[in-house]
Structures are given as structure tokens and as C-alpha cells.
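Reviewing the structure listed below.
So that the names make sense, note that chain A is the first sequence line, chain B the second, and so on, each numbered from 1.
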Number of protein chains: 2
Amino acid sequence: MNTPSENSATLTKRLIDSGLRPTAQREVVFKVILEKRDHPTADEIFARVKSQMPTISLATVYNCLETLVQCQLIRQVNLERAPTRYCPNLHQHAHFHDETTGQIHDIDLPIELVAQLHHVLPAGFIASSVELTFRGDAAGTAQPTVPADCAPTLNNPHGTN
Amino acid sequence: MNTPSENSATLTKRLIDSGLRPTAQREVVFKVILEKRDHPTADEIFARVKSQMPTISLATVYNCLETLVQCQLIRQVNLERAPTRYCPNLHQHAHFHDETTGQIHDIDLPIELVAQLHHVLPAGFIASSVELTFRGDAAGTAQPTVPADCAPTLNNPHGTN
DNA sequence: AAAGAGTTTAGAATTATTCTAAATCCTTGT
DNA sequence: ACAAGGATTTAGAATAATTCTAAACTCTTT
């Protein structure tokens with residue numbers, strides 16, 4: 001488990017390593033994404049951030065998100081015909097999109113399976129990332145698969161479970 | 001291999017089975033998607049269709065695409081922050097998005113692997129579909145992985161290879 | 001041939017995202 | 001401390017993709 005100030009320190013380090021500046025806007029955007037382990041859209045993030053920093057603009061939120069994705073602090077998730085969502089879970093995992101509730105669940109992926117996935121690629125194809133999305137119904141499941149208290153974090157990228 | 005008229009017959013059957021009407025617009029949209037084994041956007045499809053049916057509207061193309069997806073005659077593919085693409089290949093397969101050229105390649109998926117993917121789902125999660133997308137570089141590869149002449153078709157849904 | 005459902009059409013509306021140019025904020029050299 | 005210069009933020013305009021709307025059209029059935 002890591003504290004907000006540890007996350008903030010990591011953010012600062014990553015930004016500086018990439019030749020970028022640690023700004024209050026980048027920090028608060030990152031913070032609200034980590035606070036809640038869901039998959040918010042840019043607009044949702046904008047709404048959450050505004051309560052803490054009422055003067056921030058939507059364009060800045062988009063800029064910050066782009067920066068955070070670049071620095072590999074968050075990932076981008078796209079579902080069919082829906083606004084882009086952002087995911088703080090950097091652990092290798094799949095997404096399950098519940099078509100009934102619209103909820104997105106993180107699904108753990110065994111490392112061996114990920115390796116196997118890469119083996120399906122013909123010679124010459126080098127994948128830098130894989131995205132696996134299931135669509136269907138999660139019968140009676142309202143809880144996230146990865147509870148917040150053992151979820152992967154910056155300083156513990158693979159989680160405690 | 002199947003002929004255009006066989007495809008058209010299948011389309012008609014599927015539509016009628018779903019209580020929908022086989023219309024000239026639906027037929028021509030389906031036809032242009034099958035003609036070229038790529039992953040066109042709605043706009044690209046609109047452009048191709050217009051040469052054969054100049055009066056068709058973009059809204060109709062969107063309507064037809066929705067219908068075809070519903071009838072499981074084509075699939076929808078979404079890449080990050082990019083317009084939706086449509087795929088005539090119904091064979092279980094992954095997509096490889098070449099970030100250098102922007103091209104999308106179909107990647108064959110062994111049936112066992114697909115089964116394994118479903119096994120990662122916790123109890124209660126029933127997936128009706130899976131989407132697997134790789135992102136990276138396809139060194140020097142300009143040919144599609146599934147050549148058109150043995151690609152899966154309506155009457156031969158798993159292809160000849 | 002009238003009724004009624006399904007479909008198409010053009011254009012407006014909406015939504016998500018990116019662009020632009022001016023203002024502001026840091027950092028660094030002096 | 002202070003000016004220069006690059007990085008960042010801001011508001012609002014612009015763009016792109018998609019969906020909506022309402023009228024017209026077209027089948028099919030009576």
C-alpha cells in the first residue's frame with residue numbers, strides 16, 4: 001500500500017525523467033484518478049477535479065491525461081462507441097464490460113496467458129501492448145474483482161495479491 | 001469461397017429472421033464491406049457506397065452498419081481515439097494495429113487460446129464476446145495475414161485454412 | 001387502395017476531442 | 001533579484017464522429 005505523498009513523489013519523478021514539469025494540475029488529475037478505482041471519462045475526471053481546483057479547464061484535463069498516459073502512470077481504455085476511459089490499474093489485466101449495468105471490471109490475467117497471447121503473433125510483429133476486453137453480463141456481481149486495498153499501485157505495480 | 005449472390009442471399013435470410021427488411025441500401029453497404037478485406041470507417045464505407053448509390057445518406061450508412069452488426073454479419077472494431085472501424089472477418093481473430101503505418105492486420109487465434117481466455121473470468125461473468133487488440137510495429141509486413149482467397153466468409157465462417 | 005410498420009433521407013444537434021492564441025508560470029543565466 | 005525563454009494553462013472556437021428528428025417514402029397486408 002502506498003500513501004498519496006508517495007504517489008505524488010512518483011509522479012514528480014516520472015515527469016522530470018521525461019523532461020516535463022510537475023504542476024499542480026497534473027498532480028490533482030492524477031490524484032483523483034487514484035482516489036477511486038474506477039474507469040472515469042475525461043468529463044468525469046474534469047468534474048471531480050473542479051471541486052478541488054475550480055479554475056482548471058477541460059483542455060487542461062485532456063492535456064494532463066495525455067501526459068499521464070505518456071508517462072505510463074495510467075492507461076487508456078476504449079469501448080465501442082463510448083467516450084475514452086482512463087484506468088489507474090497498471091497491472092497486466094483485462095476489462096470486462098457489463099452490458100447491463102455499463103460497469104467495467106478489472107480481470108486479472110495470469111502472466112503465462114499474456115505470454116501465450118504474444119505467441120500468436122507472426123514473425124515480424126512486435127506488440128508493445130495488448131488490450132483484452134470482454135463484453136457480457138456479470139451476474140449479480142457488483143463488487144470490483146480487485147479490491148482497492150490490495151490493488152496494484154505505483155510502488156507496488158503488481159499488487160499485493 | 002462464396003459468390004456475391006450467396007452473400008446477398010445470406011444477408012436476406014438473416015434480416016428476415018430478425019424481422020427486418022432486405023433493402024437495397026443494406027445490401028450495397030454489406031457488399032462494399034465484403035469486397036475489400038480491410039477495416040473501413042463509416043465515412044470510408046459511405047464514400048465507397050456512393051459510387052454505386054449516389055443518393056444514399058451517411059445516416060443510412062450508420063443505420064445499415066448497426067443493423068449488420070446486430071445480425072452478426074460484421075463486427076465493430078474500436079481503436080484508441082480513432083473512428084470506429086468495421087470488419088467483415090467473423091472468424092475468431094485478434095487485431096494488430098501497426099502504429100507506424102496505421103494499418104490493421106487480422107491475427108488468427110487458436111481455438112484453445114480463446115477457450116483459455118474465457119477461463120480467466122471469475123464465476124458469474126459470462127462473456128458474449130472478446131476483443132483482443134495488439135499495438136506495435138509490424139516490421140516490413142505489408143501483406144494481410146489472412147489472404148483474401150482463403151479468408152472466412154458467411155458460408156464458410158472459419159475460412160479454408 | 002388504405003393503413004401501418006419499417007426504412008431512408010437531409011440536416012440539425014450532440015458529444016468527444018483537438019486546436020489556437022493569449023496569458024501565466026517556472027527555470028536558468030546573469 | 002530579474003529578464004528571457006520555454007513550458008503550461010486557459011477559454012473558447014473548431015473539428016470529427018455519431019446520433020437524433022421529422023418528413024417522405026416504400027413495402028406488406030387487408
So, does A:Y62 get its side chain near the phosphate of C:dT17, meaning an N or O under 4.0 Å from OP1 or OP2? yes
Would you say B:L109 and B:F96 are hydrophobically clustered, going by side-chain heavy atoms of ILVMFWY under 4.5 Å? yes
Within this structure, what is the CZ-to-C1' distance between B:F46 and D:dA17, rounded to whole angstrom? 13 Å
According to a strict under-4.0 Å criterion, is B:S57 in side-chain N/O contact with OP1 or OP2 of C:dT8? no
Spacing between A:E27 atom CD and D:dT9 atom P, to the nearest angstrom: 12 Å
Within this structure, what is the CG-to-C1' distance between A:L58 and D:dA14, rounded to whole angstrom? 14 Å
To the nearest Å, how far apart are A:E80 CD and C:dA16 P? 16 Å
Presence of salt bridge, A:R75 and A:D106, under 4.0 angstrom: no
Does C:dA16 have its OP1 or OP2 closer than 4.0 Å to a side-chain nitrogen or oxygen of A:R81? no
Ignoring the backbone of B:P83, work out which of D:dT18, D:dT10, C:dT9 is nearest its side chain. D:dT18
Rounded to whole Å, how long is the line connecting atom CG of B:L79 with atom C1' of D:dA17? 14 Å
Is there a side-chain hydrogen bond (donor to acceptor under 3.5 Å, both in side chains) between A:H95 and A:H97 once you walk through the steps? CA-CA 6 Å; A:H95 289 111; A:H97 181 209; over 6 Å; no
Rounded to whole angstroms, how far apart are NZ on B:K50 and C1' on C:dT9? 13 Å
In whole Å, I'd like the distance from the CG atom of A:D43 to the C1' atom of C:dT18. 14 Å
In B/S/- notation, 5' to 3', how is nucleotides 2-7 of chain C contacted by protein heavy atoms closer than 4.0 Å? ---BBS
Return whichever of B:N63 or A:T84 has its heavy-atom-nearest nucleotide of DNA chain C closer to the 5' end. B:N63
With the 4.5 Å side-chain cut-off for hydrophobic clustering, are B:L113 and B:F134 part of the same group? yes
A:E66 has an atom CD; how far is it from atom P of C:dT17, in whole Å? 12 Å
Under 4.5 Å between side-chain heavy atoms, hopping through other hydrophobics if needed: is there a path connecting A:V69 to A:L58? yes
Would A:E27 and A:K31 pass as an ion pair if we require N to O under 4.0 Å? no
Testing the basics here: between B:F30 and B:N7, what is the closest heavy-atom pair and its distance to 0.1 Å? CE2-O, 3.8 Å
